[in-house]
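I have placed the structure first, in the form of structure tokens, so that the comments after it can refer back to it.
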Amino acid sequence: VDLVESGGGVVQAGATLRLSCTASGRPYSSSVMAWFRQAPGKDREFVASIRWGYGTTHYAPSVKDRFTISRTKSENTVYLEMNNLKTDETAVYYCARGSSLSYSPKEYQDWGQGTQVTVSA
């Protein structure tokens, strides 16, 4: 499955941004679609995930209550709405597909090319 992200950009702290990730084919109902991010010099970290079929979501504690992950099945697209962005959330954001929920990027089989999000003060 090919994944293509879009929606990144440069915003000021406190702004809202919505990322999109479109899959080339429909994910299996049991698939987990996730967003990760990687800042310069840091490891790739889990942000949020959604079970394609049931829509069950999980969030990293640092983004819970500010970020929302959702999906539109008919468009094979996953979204990440990010509210009240902080400067230390500047990173490349990646979409990923896996067969089970995991906070480790190693457990995900398909990855997008990433989209840059820059949050300025």
Side-chain angles (χ1 to χ4, degrees):
V1 176
D2 293 329
L3 304 173
V4 178
E5 303 102 332
S6 61
V10 180
V11 296
Q12 289 189 319
T16 295
L17 204 60
R18 190 175 82 154
L19 306 181
S20 301
C21 169
T22 300
S24 59
R26 176 160 296 179
Y28 293 117
S29 293
S30 59
S31 292
V32 174
M33 303 297 293
W35 288 95
F36 285 78
R37 63 189 179 190
Q38 188 166 19
K42 294 189 177 181
D43 293 335
R44 194 167 296 190
E45 66 171 353
F46 174 85
V47 176
S49 70
I50 187 166
R51 179 80 67 176
W52 187 258
Y54 290 109
T56 308
T57 59
H58 290 83
Y59 296 91
S62 62
V63 306
K64 191 172 175 60
D65 297 330
R66 294 188 298 118
F67 288 15
T68 302
I69 188 170
S70 61
R71 87 272 193 249
T72 299
K73 288 185 175 181
S74 62
E75 297 178 355
N76 295 340
T77 299
V78 177
Y79 302 95
L80 183 69
E81 180 168 305
M82 306 182 291
N83 296 310
N84 193 20
L85 280 161
K86 304 176 181 180
T87 56
D88 61 0
E89 293 180 313
T90 293
V92 178
Y93 284 69
Y94 296 91
C95 178
R97 185 201 67 81
S99 55
S100 60
L101 173 64
S102 174
Y103 298 144
S104 170
K106 297 179 181 179
E107 301 300 321
Y108 290 81
Q109 292 78 46
D110 301 312
W111 290 86
Q113 81 288 352
T115 185
Q116 176 71 46
V117 173
T118 301
V119 185
S120 62

TODO: Give the other cluster members for Val4, using side-chain heavy-atom distances under 4.5 Å between Ile, Leu, Val, Met, Phe, Trp and Tyr residues; answer none if it is isolated.
DONE: none
Open item on the list: Strictly by salt bridge (Lys or Arg N to Asp or Glu O under 4.0 Å), give each pair with a member in residues 108-121 just once, sequence neighbours left out.
Closed with: Arg97-Asp110
- [ ] Please answer whether the main-chain N or O of Ser31 pairs with a side-chain N or O of Ser99 as donor and acceptor at a distance below 3.5 Å.
- [x] no
TODO: With sequence neighbours excluded, give me every side chain to side chain donor-acceptor pair (under 3.5 Å) pair touching residues 32-49.
DONE: Arg37-Glu45, Arg37-Glu89, Arg37-Tyr93, Gln38-Arg44
Task: Validation row: Val47, Leu80 side chains within 4.5 angstrom (heavy atoms) - done: yes
TODO: Heavy atoms only: give me the nearest Cys21-Leu3 pair and the separation to one decimal.
DONE: SG-CB, 4.0 Å
- [ ] Assess whether side chain to side chain contact (heavy atoms under 4.5 Å, CB included) is satisfied between Thr68 and Tyr79, documenting all intermediate values.
- [x] CA-CA 8 Å; Thr68 302; Tyr79 302 95; over 6 Å; no
- [ ] Any chance you could lay out the side chain to side chain contact (heavy atoms under 4.5 Å, CB included) test for Ser20 and Glu5, step after step, and finish with the verdict?
- [x] CA-CA 5 Å; Ser20 301; Glu5 303 102 332; over 6 Å; no
- [ ] For Thr118, check side chain to side chain donor-acceptor pair (under 3.5 Å) against everything at least two apart and list the hits.
- [x] Gln116
Open item on the list: Could you see if Ile50 belongs to whatever hydrophobic cluster contains Trp52? Use Ile, Leu, Val, Met, Phe, Trp, Tyr and a side-chain cutoff under 4.5 Å.
Closed with: yes
Task: Any residue meeting salt bridge (charged side-chain N to carboxylate O under 4.0 Å, His left out) with Glu107, in chain and number order, not counting sequence neighbours - done: none
Task: Heavy-atom check, side chain of Leu85 versus side chain of Phe67, under 4.5 Å - done: yes
- [ ] Determine whether more than 12 heavy atoms belonging to other residues, nucleotides or ligands lie under 6.0 Å from atom CD of Gln113.
- [x] yes
- [ ] Could you pull out all residues at least two apart from Thr16 that satisfy side chain to side chain donor-acceptor pair (under 3.5 Å)?
- [x] Asn83
- [ ] For the pair Thr72 (side chain) and Ser74 (backbone), establish whether a donor and an acceptor sit closer than 3.5 Å, ignoring hydrogens and angles.
- [x] no
- [ ] Take Tyr94 and Leu19 through the side chain to side chain contact (heavy atoms under 4.5 Å, CB included) test and state the conclusion after the steps.
- [x] CA-CA 10 Å; Tyr94 296 91; Leu19 306 181; over 6 Å; no
TODO: Could you pull out all residues at least two apart from Tyr103 that satisfy ring pair (Phe, Tyr, Trp, His ring centres under 6.0 Å)?
DONE: Phe46
Open item on the list: Tell me every residue that passes side chain to side chain donor-acceptor pair (under 3.5 Å) with Asp2, counting only those two or more places apart in sequence or in another chain.
Closed with: none
Task: For Ser102 against Tyr108, the heavy-atom pair lying closest together - done: O-OH, 2.7 Å
Open item on the list: Let me confirm one number: the CD-CZ distance from Glu75 to Arg26, rounded to the nearest 0.5 Å.
Closed with: 10.5 Å
TODO: Using distance alone, with no hydrogens and no angle criterion, decide if Thr77 and Thr22 have a side-chain donor and acceptor under 3.5 Å apart.
DONE: yes
- [ ] Taking all heavy atoms of Thr87 and all of Ala13, pick out the closest pair and write down the distance.
- [x] CG2-CB, 4.2 Å
TODO: Would you indicate whether the side-chain heavy atoms of Cys95 and Met33 approach each other to under 4.5 Å?
DONE: yes
What side-chain donor-acceptor pairs closer than 3.5 Å can you find for residues 53-62, not counting sequence neighbours?
residue, atom, partner, partner atom, Å
Tyr59, OH, Ile69, N, 2.9

- [ ] Quick one: closest heavy-atom pair of Pro27 and Asn76, and the distance?
- [x] CD-OD1, 4.2 Å
- [ ] Output the rest of the hydrophobic cluster of Val10: all Ile, Leu, Val, Met, Phe, Trp and Tyr residues reachable through side-chain heavy-atom contacts under 4.5 Å, sorted by chain and number.
- [x] none
Open item on the list: Once side chain to side chain donor-acceptor pair (under 3.5 Å) is applied, do any residues pair with Arg18, and if so which ones, sequence neighbours excluded?
Closed with: none
Task: ring pair (Phe, Tyr, Trp, His ring centres under 6.0 Å) against Trp111, all qualifying residues, sequence neighbours excluded - done: Phe36
Task: Sub-4.5 Å side-chain heavy-atom contact between Met82 and Val117 - done: yes
